[in-house]
Amino acid sequence: MDEQEQQKAPILTALQRYKSMRVVPFDVPGHKQGKGNRELTEFLGERCLAVDVNSMKPLDNLCHPVSVIHEAEQLAADAFGAAHAFFMVNGTTSAVQSMIMSVCKRGEKIIMPRNVHRSAINALIISGAIPVYVNPSTNHKLGIPLGMSLQDVKTAMEEHPDAKAVLVNNPTYYGICSNLQEITRLAHEAGMAVLVDEAHGTHFYFGENLPISAMAAGADLAAVSMHKTGGSLTQSSFLLSNGRVKPGYIRQIINLTQTTSGSYLLLSSLDISRRNLALHGKEIFRKVCEMAQYAREEINRIPGYYAFSTELIDGDAVYDFDTTKLSVHTRDIGLAGIEVYDLLRDDYDIQIEFGDIGNILAIISVGDNDLAIERLVSALSEIRRRYAKDPKGMFDHEYINPVVVMTPQEAFYASKHGVPIAESAGEICSEFVMCYPPGIPILAPGEWITQEILGYIAYAKEKGCFLTGTEDVRIENINVVTKD
C-alpha cells in the first residue's frame, strides 16, 4: 500500500471543486442544493445539501466510473489488498447479492452456512441458485451458532462437486471465524469460487492481531460493510475482488440492482473513511481492541454475565475470534439478551447493537471512549442487581437446523396461502421469519415448519424480539406453499 497515494480522496476533492464553482443547478435533485427544502437544510446543514448532487462529467458516474470514482475505487482496492474495489451505495445487502450473482446462475449450487444474513438467501430467490447448507456447529453453553467445520465443508464439496462457490461468514455477528484460508484452498482445488460476507470484518484489513481478511486468505469476492466498523455513512459498503472474476462482468451484475443515482454523500464517506483507515487504521483498531478487552474483563467480574472471547477457539468451528466484538451471554442472570437490550435502552439510554435469546452484542469503535465503556459496565451491573431471576425454563439455543425441501426461489414464487403461525407445523414455509437484528432467518422459503421452530418464534415474541419477514406485519399468520 502506497501511503502517499492513500492520502488522496478523489471524490472529496471533486466535490469541493464543484462546490467552489457556484454552479446554478438545473438538474436533479430537486431541492437545488438545499434551497428548495429549508426544513431539510436546517436539519442536515447547508454543507451537506450543497454536495447532495447528481452524476455529471466532473463527478463521474457510479454505473460506469472513468475518472474520480474510478480513481477512488483503485485507492480502495490498494488499501484493502484487492485487485478491484466497487463502491456500493445500496448497502452490504447489495454487495452480498452481487457477489453471489456474479458466480452463480439459475440452477447452479452454492455451499453456504445456514446462519447467513437474509441478503444471501434473497440472492438465491432473485437468481435461482440452489443452496447447499452446511449447518454450523453450536456452542451449547452459549446457545449460539459457530463457524463452519472444515470437515463439514469438505463433505459438502465431495457430495456436490458441481457447486460453483462456497460462501463464508467472516466473522459471524458474534465474532466467530471459520478456517477461511483452508476453506479457500480446498474450494479452489475443487474449482469453486470463494465468497465472503465480511459485513462485520472491515477492521480485519487494517488492525493488528485480528483474524485474517478475505483478500489476504485468497478469497475471490468479499462484501465489506465499511459503515459498520470503518466509519462511513450507513448504507455505504465495498465489494472487493481478487481479479479471478472479470471486473466488467461484476460491474454489470452490480448495475442490475444498484441505483443509477448514487449518493455522493455515501460515495464521499467511503472515500474519506478509506483514507482514514489506510493512514490510521492500526492505531484506531488497537484502541478499539483495548477498550473491548477492558470491557470484557470488567463485565466478567459481574456474576452471571459471560463476555466471551478467544478462549472459545478450538481450531475448527471456532478457528479464530474477533476481539473487537463485545458479545455477552446473559441467560445465567435469568434474562434473555433482548430483555437486557431493552433495559439498557429504556432505563439507561444506552443503545447496543442487538439482543437475542441469550446474548447481547455491543459494537465498540473508534467513536467510543473509556467513559462510555464504564457507563455500559455500570448499567449491566445494576441490571443484574435489580432484575436478575432464576434462569430455569429459559430457551437455551439460538439456532435450529432447518429441513430444506424446496429451493428458496421455488418456494417464494410458489402458489401460497396464509395460515395462523400457531397452526403451521408440517407446512412448507414460503417467506421469511427472523429477528432483526441480526437478520439471520429462523425460517426461510422452502423449509419445513416444525413445532421446535414454532416454540422458538413464540418465545422470541414473548421476550420482545423484533420479528420481521412475513407479509403479515403482526407476525400472526405465515404464508405456506399450497400443496397440490
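Counting begins at 1 with the first residue of the sequence.
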Ring pair (Phe, Tyr, Trp, His ring centres under 6.0 Å) contacts touching [range] (sequence neighbours left out):
| range | value |
| --- | --- |
| residues 217-242 | Phe80-Phe238, Phe87-Phe238 |
| residues 245-269 | none |
| residues 406-437 | none |
| residues 451-484 | Phe395-Tyr456, Phe395-Tyr459 |

Determine all donor-acceptor pairs shorter than 3.5 Å in which one atom belongs to a side chain in residues 278-289; sequence neighbours excluded.
residue	atom	partner	partner atom	Å
Arg286	NH2	Glu208	OE1	3.0

Going by atom types only, do [X] and [Y] share a side-chain donor-acceptor pair under 3.5 Å?
| X | Y | result |
| --- | --- | --- |
| Asn90 | Gln235 | no |
| His188 | Asp220 | yes |
| Glu353 | Tyr341 | no |
| Ser327 | Asn359 | no |
| Asn255 | His64 | no |
| Thr470 | Asp472 | no |
| Thr482 | Ser415 | no |

Q) Between Asn179, Asn135, Asp316, which is the residue that forms a side-chain hydrogen bond (donor to acceptor under 3.5 Å, both in side chains) with Ser149? A)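 Among Asn179, Asn135, Asp316, the one meeting side-chain hydrogen bond (donor to acceptor under 3.5 Å, both in side chains) with Ser149 is Asp316.
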
(Q) Applying side-chain contact (heavy atoms from CB on, under 4.5 Å) to Thr92 and Leu239, what does each step give before you reach the verdict? (A) CA-CA 8 Å; Thr92 310; Leu239 177 56; over 6 Å; no

Q: Could you give me the CA-CA distance, side-chain angles and deciding distance for Ile110 and Val166, then say whether side-chain contact (heavy atoms from CB on, under 4.5 Å) is met?
A: CA-CA 6 Å; Ile110 177 170; Val166 180; over 6 Å; no

(Q) As a quick check of understanding, evaluate side-chain contact (heavy atoms from CB on, under 4.5 Å) for Ile442 and Ile400, giving each step before the final call. (A) CA-CA 8 Å; Ile442 302 167; Ile400 299 170; 5.6 Å; no

Within a reach of under 6.0 Å around [atom1] of [X], are more than 12 heavy atoms found that belong to other residues, nucleotides or ligands?
| X | atom1 | result |
| --- | --- | --- |
| Glu297 | CD | yes |
| Lys463 | NZ | yes |
| Arg345 | CZ | yes |

Should [X] and [Y] count as side-chain neighbours, where that means a heavy-atom distance under 4.5 Å?
| X | Y | answer |
| --- | --- | --- |
| His203 | Asp322 | yes |
| Ile183 | Leu150 | yes |
| Ile360 | Thr330 | yes |
| Leu124 | Met112 | yes |
| Ile69 | Asn61 | no |
| Ile111 | Met192 | yes |
| Arg118 | Thr468 | yes |
| Ser309 | Thr323 | yes |

Q) Between Glu73 and Arg251, is there a side-chain N and carboxylate O pair less than 4.0 Å apart? A)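 Answer for the salt bridge query: yes.
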
Q. Salt bridge between Glu189 and Arg185, side-chain N to carboxylate O under 4.0 Å?
A. yes

**Q.** Residues in side chain to side chain donor-acceptor pair (under 3.5 Å) contact with Gln181, at least two apart in sequence or another chain
**A.** none

**Q.** For Glu5, side chain to side chain donor-acceptor pair (under 3.5 Å) partners two or more places apart
**A.** Lys8

Q: Go through the steps to decide whether Glu427 and Lys483 satisfy the test salt bridge (charged side-chain N to carboxylate O under 4.0 Å, His left out), and finish with yes or no.
A: CA-CA 9 Å; Glu427 302 284 356; Lys483 296 171 183 174; 3.8 Å; yes

Q.
Go through it in stages, so that I can follow the logic: the residues are Glu158 and Thr155, the test is side chain to side chain donor-acceptor pair (under 3.5 Å), and I'd like the CA-CA distance, side-chain angles, deciding distance and then a yes or no.
A. CA-CA 5 Å; Glu158 290 165 358; Thr155 300; 4.8 Å; no

(Q) Working to the nearest 0.5 angstrom, can you tell me the gap between Leu326 CG and Gln293 CD? (A)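 CD of Gln293 is found 10.0 Å from CG of Leu326.
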
Mind listing the closest non-hydrogen atom pair of [X] and [Y] along with its distance?
| X | Y | result |
| --- | --- | --- |
| Ile100 | Ala123 | CD1-CB, 3.8 Å |
| Gly230 | Thr202 | CA-CG2, 4.1 Å |
| Ile421 | Ile475 | CD1-O, 3.3 Å |
| Ile352 | Leu361 | CB-O, 3.6 Å |
| Ala214 | Leu180 | CA-CD2, 3.7 Å |
| Leu270 | Ser232 | CD2-OG, 3.9 Å |

Report the residues that fulfil side chain to side chain contact (heavy atoms under 4.5 Å, CB included) with [X], sequence neighbours left out, ordered by chain and then residue number.
| X | value |
| --- | --- |
| Lys109 | Ile130, Val132, His160, Asp162, Ala163 |
| Asp332 | Lys141, His329 |
| Pro438 | Tyr173, Phe354, Ile440 |

(Q) Under the criterion side chain to side chain donor-acceptor pair (under 3.5 Å), I'd like the reasoning laid out for His200 against Asn169: C-alpha separation, chi angles, the key distance, then a yes or no. (A) CA-CA 9 Å; His200 291 271; Asn169 293 323; over 6 Å; no

Q. Quick one: ring-ring contact (aromatic ring centres under 6.0 Å, His included) partners of Phe321, sequence neighbours excluded?
A.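 With neighbours one apart ignored, the set is empty.
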
**Q.** Derivation and outcome, salt bridge (charged side-chain N to carboxylate O under 4.0 Å, His left out), residues Glu447 and Arg114
**A.** CA-CA 11 Å; Glu447 297 175 359; Arg114 173 54 180 76; 2.8 Å; yes

(Q) Once salt bridge (charged side-chain N to carboxylate O under 4.0 Å, His left out) is applied, do any residues pair with Glu476, and if so which ones, sequence neighbours excluded? (A) Arg474

Q | Test side-chain contact (heavy atoms from CB on, under 4.5 Å) applied to Leu277 and Tyr205, step by step | A | CA-CA 9 Å; Leu277 294 188; Tyr205 290 88; over 6 Å; no

(Q) One pair to check against side chain to side chain donor-acceptor pair (under 3.5 Å): Tyr174 and Asp356. What are the steps and the verdict? (A) CA-CA 11 Å; Tyr174 301 97; Asp356 53 30; 2.2 Å; yes

